[in-house]
Amino acid sequence: MKNSQSLFERAKKIIPGGVNSPVRAFRSVGGTPFFTAKASGSRLTTVDDKELIDYVCTWGPAIHGHDHPKIREAISDALSKGTSFGTPGPAEVEMAELIVELVPSVEKVRMCNSGTEATMSAIRLARGYTGRDKIIKFAGCYHGHVDSLLVKAGSGALTLGNPDSAGVPASFAAETLVLPYNDLNSVADTLASSSEQVAAIIVEPYPANCGLILPMDGYLEGLRTLCSKYGVVLIFDEVMTGFRLGLGGVQERTGITPDLTALGKIIGGGLPVGAFGGKVEIMDHLSPIGPVYQAGTLSGNPLAMAAGIASLKLLKESPPYDRLESMGRELSSGLKDMAQSRGIPLQVPQVGSMFCLFFCENPVVQFEDSTQAKHENFNAFFNACLKRGLYLPPSSYETCFISAAHQKIDISKTLEIFEDSFSCFC
Ligand code: KE4
């Protein structure tokens, strides 16, 4: 009989932890992870035949909800012509033109197969372009499982208590300087003393892998000014926020233009994808025209391109961002009111279709603040919601996503379940 428990027992025998990505194991929230049988719109259906309202949206890609007919049709059409060519194909040109058109910083772009590849390649490119070795990242930010970026990382690394992963040589980690987010002085001091060694600053402009943290006024502008002053490449990791918070992501919302941008998730329409792009003078350092090597068997895969192009065209044709913002505000203010009326300390930072729950008294402006939140309260609330048919990300260091497939009925049902789930604190 196929149910989550039996599947998980089988999986644990042959897949480390029973999962192909650690955060899926529910290690921090407890219990057995459910296995998904199918997904459609705003809902997941588990192999135990339980329907859940989904606020993970496969960690971001499903901005249109699951199994959107236009995306399914695009994949099916591409499939009829083959699955992979290993040569240039027309869909790669169309995808690149869309990204260049929509993302302010991108003059040229290279496709790859994951957000990790995108950030890894952007870092290597910045090092090759500047001839410098060190990079600056921010505590709690997660940029995929790149050796040089698994230093004080967020997301699953933080969730499972290994923000500095084993297996990363000290010599590699030594090239990564970790500073606190939202603290411009620390960046200014570091660059004043060692800018000639620093190739790049990589930042999630709105960190969403240690919960959701928003920049203080002037912070991102300050990073831009400092990078320009010292010739340091500013990399915005918009793997999560790209096309999620607007067609041009955070860089369009803020008017701050990085030198390079990493993308992923939404641009693949649910299929494996990544991309990095930026200024021509930097991008032209990439092989085959430049000295920085980067490659991929399945980069620009025709099925992923078809799904991604359909996803981006849907966003262009009818941008869902105002409705996503309104649903985000409704859920975050509902949660805050429910907690306040019960005297439960809760912060619910929200922007667009992204929000998270920090069970703590004060607003979270830095990673350290997020570690002070009561994670046991999040875990209890997560499980109370799940029991009632609501799937939040299984870690207080992740961020919830709303899709354009969420309807009023989902939002009102969600608020009902939130209300009822607070009983877990009684
Ligand atoms: P992937 O290699 O997982 O496609 O992308 C890595 C990545 C890079 N940059 C940012 C800002 C990211 O959020 C991610 C991946 N996000 C996590 C969720 N927080 C993916 C989920 C998982 O690891 O299973």
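Here, residue 1 is the first one in the sequence, and each next residue gets the next number. Order of appearance sets the numbers: ligands from 1, and atoms from 1 within every ligand.
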Trainee: Should the pair F382 and F26 be assigned to parallel (<30°), tilted (30 to 60°) or perpendicular (>60°) ring geometry?
Mentor: perpendicular

Trainee: Is there a donor-acceptor contact under 3.5 Å from the side chain of S21 to the main chain of V23?
Mentor: no

Trainee: Listing by chain and number, which residues have a heavy atom under 4.0 Å from ligand 1?
Mentor: S21, V23, W59, S114, G115, T116, Y142, H143, G144, S155, E204, N209, D237, V239, M240, K265, E398

Trainee: So, Q294 and R124: side-chain donor and acceptor under 3.5 Å apart, yes or no?
Mentor: no

Trainee: Determine, for K152 against D164, whether the closest basic-nitrogen to carboxylate-oxygen distance falls under 4.0 angstrom.
Mentor: yes

Trainee: Using a strict threshold of under 4.0 Å (side-chain N to carboxylate O), is an ion pair present between R329 and E325?
Mentor: yes

Trainee: Below 4.0 angstrom, N of the basic side chain to O of the carboxylate: do R43 and D54 qualify?
Mentor: no

